[in-house]
S.K.: 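The structure under discussion is supplied below as structure tokens; questions concerning it will follow.
Order of listing sets the numbers, starting from 1, for every ligand and every atom in it. The residues of the chain are indexed from 1 along the displayed sequence.
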Amino acid sequence: MVVRITYHCNQEILEWQWASDSEIMPYPYFTSCYLIDGLLIDSGAPGGENDFREFVKSLNHDQMIEKCFITHAHEDHAGGAHMLNKEFGIPIYTSNKTIDLLKKGNTYPEYRQIAWGSKLLPVNAELIDKPIITKSKKYKFEILPMLGHAPELVALLEIKEQWAFVADAVQPKYKMIFGKNSDIQEDISQIYQSLSDLYDITEGMDHLIIFSAGNGVMQGRDILIEKMEEIEKLHIKVHNYNKQFQEEGISGKKLIRKILKKLFGRESIISQLTQGDLSRENLIISLLKWKKNKCL
Ligand SMILES: [Zn+2]
């Protein structure tokens, strides 16, 4: 297993990253959780439980976890919550849409088991719907819904410090998404709207830092504009190709395949490995469903 510990912002924020070292994986996929003044944001993956336990035991008195907040119910974020609660008695908090999902636990396809461990164990989390105050009352986190990657996903925003903990709501490149074959159903129009909401709510924050899960730390609000422009361009292209091919009498699956060829050349190898759960085709279908937009 691969574990990395990184400190940010004068050691105020500790990032714990974990990835499986399975030889089947083309490269390590990391997930992150962040510890800030006793507040742990997310809890790693089920496969990282032993490493996570060692990490929790290694914390000194000042770093001790007082509570854990889960951003959404995916296994690479909620994977350590059961152990944290059962073995360390740490209370788990989350937003209203995530509570029932955590209570049920989850099983998922083999390719996700290889990346994140065999299954998500259930945990009873408590609802929190007001700002979260940290252990020494130094920080206050507002809860901001950021739908699109998951319907229940929320980000945490520390306004005074200009920190946004966004989990999977901001991705490095929008080349493929999860679609209807998966229990992770992403919606590109909602992803766009969430980026726009975060941009609006952080107006005037000239030193915004965006902490993602596994995709690093991003500086500045401009990155949100870049992400929105990236999606807008894809949206325009997909609708233009759609119009062109429809006029040529092409429809259905053939139409999607033609757009895919124009846009990306071919489908990603990941699509095959995930039996179509995660694919470029899903992204095109989602972009086509998204009709009304100021950029069209
Ligand atoms: Zn996720």
S.K.: Quick one: sort the Trp163 and Phe165 rings into parallel, tilted or perpendicular, breaks at 30° and 60°.
M.R.: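 Answer is perpendicular, since the angle exceeds 60°.
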
S.K.: Would you say Tyr111 and Leu273 make side-chain contact, with heavy atoms under 4.5 Å?
M.R.: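 Heavy-atom side-chain distance check fails, nothing below 4.5 Å.
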
S.K.: Return all protein N, O or S atoms below 2.8 Å from the Zn ion (ligand 1), chain by chain in residue order.
M.R.: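 Hits for the Zn ion (ligand 1) below 2.8 Å: His72 NE2, His74 ND1, His149 NE2, Asp168 OD2.
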
S.K.: Which atom pairs, one a donor and one an acceptor, fall under 3.5 Å between side chains of residues 2-13 and the rest of the protein, sequence neighbours left out?
M.R.:
| from | atom 1 | to | atom 2 | distance (Å) |
| --- | --- | --- | --- | --- |
| Arg4 | NH1 | Gln17 | OE1 | 3.2 |
| Tyr7 | OH | Gln63 | NE2 | 3.2 |
| His8 | NE2 | Glu15 | OE1 | 2.7 |
| Glu12 | OE1 | Lys138 | NZ | 2.9 |
| Glu12 | OE1 | Tyr139 | OH | 2.2 |
| Glu12 | OE2 | Lys138 | NZ | 3.4 |

S.K.: Would you say the side-chain atoms of Lys227 pair up with the backbone N or O of Asp222, donor to acceptor, closer than 3.5 Å?
M.R.: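 It does not hold such a pair.
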
S.K.: Using the side chain to side chain contact (heavy atoms under 4.5 Å, CB included) criterion, which residues pair with Lys57? Sequence neighbours excluded.
M.R.: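 Here the qualifying residues are Arg53, Glu54, Phe88.
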
S.K.: Please enumerate all residues that pass salt bridge (Lys or Arg N to Asp or Glu O under 4.0 Å) together with Glu75, with sequence neighbours excluded.
M.R.: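 For Glu75, the residues satisfying salt bridge (Lys or Arg N to Asp or Glu O under 4.0 Å) (neighbours in sequence not counted) are Arg112.
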
